[in-house]
Amino acid sequence: MLKPLADRVVVKMLEKEETTKSGIILSGKSEEKSQIAQVLRVGPGIDSEGKKVEICVKEGDKVILSQYAGTTVKYEGEELVIVKYSDILAVVE
């Protein structure tokens with residue numbers, strides 16, 4: 001597994017699902033990119049100046065990201081995104 005450094009977080013983007021009025025779930029292969037992701041790993045929480053930053057997400061959380069946040073990487077056959085903690089806008093409860 002990737003080990004993020006500093007204030008970085010490794011996430012996996014979740015496919016956007018849409019449900020029709022009749023209850024049929026449509027896959028997320030639409031033209032609009034989902035901004036919801038699941039947190040896989042969290043860095044130690046140190047900013048660029050070496051100061052401790054409190055990271056308020058944990059592994060398994062679903063989060064909403066800034067629209068163009070992060071760097072996409074392929075790791076062990078999976079497409080993952082590494083984002084700065086500041087690019088996480090909210091936790092989905």
Side-chain angles (χ1 to χ4, degrees):
M1 178 52 75
L2 296 175
K3 180 181 174 184
L5 302 176
D7 65 340
R8 303 292 197 275
V9 178
V10 177
V11 299
K12 181 175 181 178
M13 300 307 295
L14 300 176
E15 285 190 6
K16 182 178 180 182
E17 287 186 348
E18 294 181 29
T19 305
T20 64
K21 289 182 182 179
S22 61
I24 298 172
I25 298 175
L26 303 174
S27 177
K29 296 294 181 189
S30 66
E31 61 281 339
E32 192 173 316
K33 181 182 166 188
S34 174
Q35 289 176 251
I36 299 178
Q38 183 171 15
V39 175
L40 300 180
R41 297 291 297 258
V42 178
I46 298 171
D47 68 10
S48 60
E49 297 174 2
K51 296 178 184 173
K52 185 76 174 155
V53 175
E54 182 181 1
I55 296 184
C56 300
V57 296
K58 62 187 179 311
E59 293 176 18
D61 282 351
K62 286 185 181 179
V63 295
I64 298 176
L65 304 175
S66 295
Q67 189 168 9
Y68 300 106
T71 300
T72 302
V73 295
K74 248 196 158 137
Y75 181 75
E76 294 184 351
E78 283 192 288
E79 194 168 287
L80 306 175
V81 181
I82 301 172
V83 297
K84 290 182 179 181
Y85 174 63
S86 61
D87 288 329
I88 297 175
L89 304 176
V91 176
V92 179
E93 294 182 338

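Keep in mind that what you see is a predicted model, and the values were worked out from it rather than measured.
- Taken to the nearest 0.5 Å, the CG atom of Leu2 stands 8.0 Å off from the CD atom of Glu76.
- At least one donor-acceptor pair under 3.5 Å links the side chain of Tyr85 to the backbone N or O of Cys56.
- Heavy atoms only, all atoms of each residue included: Asp87 and Gly70 are closest at OD2-N, 4.2 Å.
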Item to complete: Starting from the C-alpha separation in whole Å, work towards a yes-or-no answer on side-chain contact (heavy atoms from CB on, under 4.5 Å) for Lys58 and Val42.
Response: CA-CA 7 Å; Lys58 62 187 179 311; Val42 178; 5.5 Å; no
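- A pairwise comparison of heavy atoms in Pro44 and Lys52 identifies O-NZ, 2.6 Å as the closest pair.
- The same ILVMFWY cluster, assembled from side-chain heavy atoms under 4.5 Å apart, contains both Val11 and Ile55.
- The main-chain N or O of Val63 is never found under 3.5 Å from a side-chain atom of Asp61 such that the two would form a donor-acceptor pair.
- Cluster annotation: Val81 and Val91 are assigned to the same hydrophobic cluster (Ile/Leu/Val/Met/Phe/Trp/Tyr, side-chain heavy-atom contacts under 4.5 Å, transitive).
- Summarising the geometry, atom CG belonging to Leu40 is positioned 7.0 Å from atom CD belonging to Glu78; distances are rounded to the nearest 0.5 Å.
- The two atoms that bring Met13 and Ala37 nearest to each other are SD-CB, 3.7 Å, heavy atoms only.
- Under the 3.5 Å distance criterion, the side-chain polar atoms of Glu59 are left unmatched by any main-chain donor or acceptor of Arg41.
- Within the 4.5 Å cutoff, side-chain heavy atoms of Ile88 are placed close to those of Leu65.
- Minimum interatomic distance between Leu14 and Gln38 (heavy atoms only, all atoms of both residues): CG-N, 4.1 Å.
- Residues Ile82 and Leu80 are not in side-chain contact: their nearest non-hydrogen atoms beyond the backbone lie 4.5 Å or more apart.
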